[in-house]
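See below for the structure under consideration.
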Amino acid sequence: MIAREELRKNRLFGEFSDAELDMVRVAADEGTYEDGRLIIAEGSPGERLYLIASGKCSVTTEISGAGTEEIRLLDEGDFFGEMSLIESAPVSASVYARGRCRLLWLERKAFDRLIAEDMPVANKLLRAIVLAFCERVRVTAAKIEGYYKMGKL
Amino acid sequence: MEERLEILARCELFSTLPRKGLEMVASRCVPGEAKKGANVVVEGKAADGLYVVVRGKVDYIKKVEEKRGLVLFRWGPGDVFALNAVMDGKEHYVSAVAATPVKFLKLAAADLRAVCAADPLYEHRILRQTLLIESNRLRQITVRLREFLAKIIK
């Protein structure tokens, strides 16, 4: 079974007690992805929340007429795939393994169960996701500023 | 009070709250207004509350040069803004400028925390709605980012 400490290292679960982490441990799966392997594809239905236990993952998107561009590099302790679970919408970007990486994941059903079963646990998890979203919105808005300036050069 | 409740019930952030929770939010909101062109919130300043548009339009503007900004979003009646900075307690990442004369309701950050602390269900519903709102905004900003990237690469 996945170690508690491995989960606690992830920014989503830093505030979880041992008992709460155990609820996640029993529901989570794990796997290793080799360099360059596609983990989730842009436009596909999102079915998992992924946690990076070790290694890095590259978030890419298709730019019309220009090919694939990396828009974010995720590191150990980051997570991805949650947007599609929350919105029930297709995945907005592709994610590839950058080097060898070990991932943990919660399937949609397990994620929904975790959110539905215990409200204090759900709120902890939702708060952590909200904070991560807020940061992503900030980072993306700041990138727009940077690209605007580059576009003018 | 009834009018305020109607406005808040139409706001995505509070739309799933039970009546009691909505009343709590309504009782803590403070009405305000801004003239066309006025800053409601300023990029880089600390957030002290969130806003729900009652009437008029508000532009969400990201500063890109000393005297130039890009409109990332335009908000109308029922829309909430300054939510991001209230949630993470950091400064505003954009300015909110009245594109027309605007009336709004303001909920102080401390009052939002009080509503969330009053009942875990209120917090749960507000968090879920926040995720939907922020997720949608993240998608929209990402589309803008792609447009800029495409321009640069071409």
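When reading the values below, keep in mind they use all heavy atoms of this one structure, side chains included, and skip hydrogens, waters and symmetry mates. Letters A, B, ... mirror the listed sequences (proteins, then strands); counts begin at 1.
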(request) Among the options B:V94, B:L138, B:L131, pick out the one with the most heavy-atom pairs lying under 4.5 Å from chain A. (result) B:L131
Consider only side-chain heavy atoms of I, L, V, M, F, W and Y, link residues closer than 4.5 Å, and tell whether [X] and [Y] are in one cluster.
X: A:Y96; Y: A:F80; value: no
X: B:V80; Y: B:V25; value: yes
X: B:Y93; Y: B:I61; value: no
X: A:I52; Y: A:I2; value: yes
X: B:L17; Y: B:L132; value: yes

Part of [X] lying under 4.5 Å from any heavy atom of chain A:
X: B:K63; result: backbone
X: B:L70; result: side chain
X: B:I141; result: both
X: B:L83; result: neither
X: B:Q140; result: neither

State the [atom1]-[atom2] distance between [X] and [Y], to the nearest 0.5 angstrom.
X: B:T130; Y: A:I86; atom1: OG1; atom2: CD1; value: 11.0 Å
X: A:F133; Y: B:D88; atom1: CZ; atom2: CG; value: 13.5 Å
X: A:T140; Y: B:K62; atom1: OG1; atom2: NZ; value: 11.0 Å

Evaluate whether atom [atom1] of [X] has more than 12 neighbouring non-hydrogen atoms of other residues, nucleotides or ligands under 6.0 angstrom away.
X: A:E15; atom1: CD; result: no
X: B:K103; atom1: NZ; result: no
X: A:E34; atom1: CD; result: yes

(message) Within the 4.5 Å heavy-atom criterion, are A:R138 and B:N84 side-chain neighbours or not?
(response) yes
(message) Using only non-hydrogen atoms and a strict under-4.5 angstrom cutoff, which residues of residues 106-132 of chain A touch chain B?
(response) A:I115, A:M119, A:A122, A:N123, A:L126, A:R127, A:I129, A:V130, A:L131
(message) Heavy-atom cut-off 4.5 Å, strictly under: side chain, backbone, both or neither for A:E82 against chain B?
(response) neither
(request) Measure across A:S84 and B:R139 and return the closest heavy-atom pair with its distance rounded to 0.1 Å. (result) OG-NH2, 4.2 Å
